[in-house]
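Everything below concerns the one structure shown next.
This is a predicted model, so every value here is computed, not measured. Throughout, a chain's letter reflects where its sequence line sits, starting with A, and its residues are numbered from 1.
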There are 2 protein chains.
Amino acid sequence: MVRVTRDGDGHAPVRSVDVARLAQVSQKTVSRVFNDEQYVSDEVRSRVLAAADRLGYRLNNAARVLASGRTRSIGVVTLGTAMYGPASLLMGIERAVRDAGYTLRVATTAEGDPGGVAGAVESLLDQGVDGIVASEPIDEGTGSVRVDVPVLVLGAPPVFSAPRVVTAGVDAALLAQVATKHLLDLGHQTVHHVAGPQQWFSARDRLDGWRTALRAHGCREPTVVEGDWTAESGYAAGRELAGIGDVSAVFAANDDMAIGLIRALLEAGLRVPEDVSVVGFDDIPLAAYVTPPLTTVRQPFDAVAREGLKLLVHAIEQPDAPAGSATEPPVELLVRRSTAPPRGAARTE
Amino acid sequence: MVRVTRDGDGHAPVRSVDVARLAQVSQKTVSRVFNDEQYVSDEVRSRVLAAADRLGYRLNNAARVLASGRTRSIGVVTLGTAMYGPASLLMGIERAVRDAGYTLRVATTAEGDPGGVAGAVESLLDQGVDGIVASEPIDEGTGSVRVDVPVLVLGAPPVFSAPRVVTAGVDAALLAQVATKHLLDLGHQTVHHVAGPQQWFSARDRLDGWRTALRAHGCREPTVVEGDWTAESGYAAGRELAGIGDVSAVFAANDDMAIGLIRALLEAGLRVPEDVSVVGFDDIPLAAYVTPPLTTVRQPFDAVAREGLKLLVHAIEQPDAPAGSATEPPVELLVRRSTAPPRGAARTE
DNA sequence: TTGAAAGCGCTAACAC
DNA sequence: GTGTTAGCGCTTTCAA
């Protein structure tokens with residue numbers, strides 16, 4: 001199913017001088033018009049625009065970048081996956097970048113790709129960007145990468161050495177704590193945890209939050225089962241937990257794993273939430289529609305991207321001004337139907 | 001949660017002449033080394049590399065693009081959403097672009113954004129790209145956009161006027177037909193359809209495939225319910241269908257809507273698949289883990305992106321050679337637990 | 001195998 | 001308000 005259409009070629013490369021000649025003005029005036037500079041009379045402006053339109057003129061970006069030293073583009077390093085979290089963050093970044101008047105360059109890293117983040121950053125730098133966004137970089141233990149443009153790190157500590165490193169992100173530990181506390185408040189003796197891969201900073205934060213909540217309630221801390229964010233790994237974790245026997249509440253580090261987990265519990269003959277309560281993390285669009293509808297905490301990806309980018313653009317455009325700070329987005333716990341008080345209420349099993 | 005680190009600045013802009021001076025060669029020789037051209041002795045090459053390394057030299061991309069007229073970058077126009085389909089396609093494109101030795105520029109359109117695709121294409125052209133990928137452009141009825149670089153259209157007819165327009169995509173109609181036929185073969189009298197938004201070509205193709213299958217079996221064609229790809233709209237469609245009464249099988253145009261649909265059926269007291277069978281479309285990673293596990297057809301996003309990009313790169317690099325053609329990916333129907341023979345077997349209700 | 005010269009198309013700094 | 005003059009840092013001839 002492939003069609004190919006051949007079409008006229010031979011386009012004459014139109015430059016600003018050509019437009020200038022036709023409009024009977026200097027080349028610089030054309031430049032002024034196309035940069036929305038002041039000091040151009042309306043009459044000249046429209047003459048230039050008309051000429052440009054007639055010739056099909058388009059400003060040459062490479063020449064502009066070379067002459068000005070500014071690319072007006074921002075590069076983002078992200079994990080090359082369609083998983084809801086990373087993809088949402090990427091889309092939020094794209095929107096924010098565009099709103100700020102920049103263009104976007106993307107470089108992805110595969111998980112396990114050695115020197116992935118560092119390599120991706122190098123490639124963006126080669127392409128020429130005014131700033132870089134590292135979206136949920138995983139811990140590669142590479143020490144730090146030297147970069148000469150401002151960097152925004154989303155969802156991780158500042159692992160770069162750059163003129164300016166700005167970080168933003170939700171307080172994942174706090175969200176995890178809220179999720180865990182919800183289960184504890186329901187009366188569960190303790191809460192098991194299906195964690196994300198521990199090279200991810202956000203996975204560690206969630207684990208920390210879970211642990212904090214348990215300690216605050218003086219609960220014993222069950223062994224953690226580690227997944228890889230996929231529903232499949234959640235399913236495997238679910239089989240493992242179903243085998244243990246005394247599991248009454250589980251906090252999964254993301255919704256996908258929570259859904260896989262629930263599936264495994266169901267297949268093991270356990271009902272959710274009657275026998276086991278499950279809380280997820282992210283609030284993916286499907287969370288409210290799976291069976292049972294999933295209780296979870298929301299990650300405000302858009303807000304994080306927007307806030308972070310504001311800081312980055314500030315660092316790019318006012319290199320000497322102090323950076324502002326991102327406002328903390330509100331915590332949202334969405335209680336749906338996958339959680340309930342433990343069986344037999346206030347009775348120990 | 002924002003930390004800012006201030007770091008040394010004052011980087012001297014190192015140019016190839018600086019490297020040349022230090023290595024005691026001409027600037028052109030430095031250029032040769034960095035472009036992996038031949039006719040450079042090993043000794044000179046290593047001297048240049050050493051000098052470049054010492055100075056921290058990095059080739060200026062804008063200058064290179066300006067002088068060569070080639071950007072070695074490809075732009076992609078995509079819908080700015082984290083939905084599984086578009087996001088998967090984007091990730092597949094990114095990988096394919098990188099493998100082909102190009103860099104990626106992204107421009108998104110919001111649905112309903114007037115002149116969205118055309119505007120996004122313009123912006124990519126302004127940035128300078130050697131080729132453009134239109135990923136599932138929706139029908140804007142804008143006639144055609146004039147572009148002077150090759151264009152790859154994914155999942156839609158060639159709506160551009162360009163030197164070369166190449167299209168690739170799965171045969172959505174065929175997949176939809178297979179999905180529908182599966183239900184019919186199970187013994188269902190007819191199959192209802194929850195369609196995607198009809199400005200999407202792929203939504204229309206799925207509708208067409210469904211219709212074709214029904215006709216081939218001589219079935220009556222129930223009224224179509226149109227959703228917007230979200231689980232929420234699938235849920236709404238489910239409530240509507242549950243009200244009808246004689247629905248025994250439904251083909252949803254994507255998995256998200258199928259999941260929302262199932263939720264609504266369940267809430268209306270209908271069991272899936274005992275009372276109603278449901279088939280989705282996409283095979284999202286969660287499909288196998290929701291309850292009940294969803295029968296669906298798989299969209300091979302990666303293969304489509306890879307095949308399409310091969311054609312695009314070919315069109316960019318050999319403008320005069322005939323375009324090859326994409327090999328059709330195999331159709332995959334994944335029968336899971338959301339489909340079964342109708343209640344009461346071969347009996348009309 | 002290496003080098004010299006001439007732009008690529010624009011913006012910046014300064015005149016008028 | 002508008003024009004002039006220099007580059008930006010590279011690749012492309014063409015010589016040597």
Apply side chain to side chain donor-acceptor pair (under 3.5 Å) to the pair B:Arg72 and B:Asn61, showing each step before the final yes or no.
CA-CA 10 Å; B:Arg72 289 207 73 86; B:Asn61 188 53; over 6 Å; no
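- The CG atom of B:Leu312 sits 13.0 Å away from the CD atom of B:Glu307 when rounded to the nearest 0.5 Å.
- Note: CG (B:Leu55) to P (D:dG9) measures 14 Å, nearest angstrom.
- One atom, CD of A:Gln24, and another, C1' of D:dT2, lie 15 Å apart when rounded to the nearest Å.
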Can you name the atoms? Protein N/O to nucleotides 10-12 of chain C N/O, anything below 3.5 Å, with the distance.
unit_1 : atom_1 : unit_2  : atom_2 : d
C:dC10 : OP1    : A:Tyr57 : OH     : 2.5
C:dC10 : OP1    : A:Asn60 : N      : 3.2
C:dC10 : OP2    : A:Ser16 : N      : 2.6
C:dC10 : OP2    : A:Ser16 : OG     : 2.6
C:dT11 : OP1    : A:Asn35 : OD1    : 3.3
C:dT11 : OP1    : A:Asn35 : ND2    : 2.9
C:dT11 : OP2    : A:Ser31 : OG     : 2.4
C:dT11 : OP2    : A:Asn35 : ND2    : 3.4
C:dA12 : N7     : A:Lys28 : NZ     : 3.3

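- Annotation: B:Arg70, atom CZ; neighbour count of heavy atoms from other residues, nucleotides and ligands within 6.0 Å is above 12.
- Distances from the side chain of A:Val40 to the nucleotides C:dT1, D:dG3, D:dT2 place D:dT2 closest.
- The distance from atom CD of B:Gln38 to atom C1' of C:dT2 is 13 Å, rounded to the nearest whole Å.
- For A:Gln199, the CD atom is densely surrounded, since the number of other residues' heavy atoms within 6.0 Å is greater than 12.
- Across the protein-nucleic acid pair, B:Arg72 atom CZ and D:dT11 atom P stand 13 Å apart, rounded to whole Å.
- Rounded to whole Å, atom C1' of D:dC10 lies 14 Å from atom CG of A:Asp126.
- Taking atom CG of A:Asp18 as the reference point, atom C1' of C:dC8 lies 13 Å away to the nearest angstrom.
- Partners of A:Phe201 by ring pair (Phe, Tyr, Trp, His ring centres under 6.0 Å), not counting sequence neighbours: none found.
- Distance, A:Arg21 CZ to D:dT2 P: 20 Å, rounded to whole Å.
- Residues meeting the ring pair (Phe, Tyr, Trp, His ring centres under 6.0 Å) test with B:Tyr102, sequence neighbours left out: none.
- Across the protein-nucleic acid pair, A:Gln127 atom CD and D:dG9 atom P stand 19 Å apart, rounded to whole Å.
- Nearest-nucleotide mapping onto DNA chain C: of B:Thr29 and B:Leu66, the residue sitting toward the 5' end is B:Thr29.
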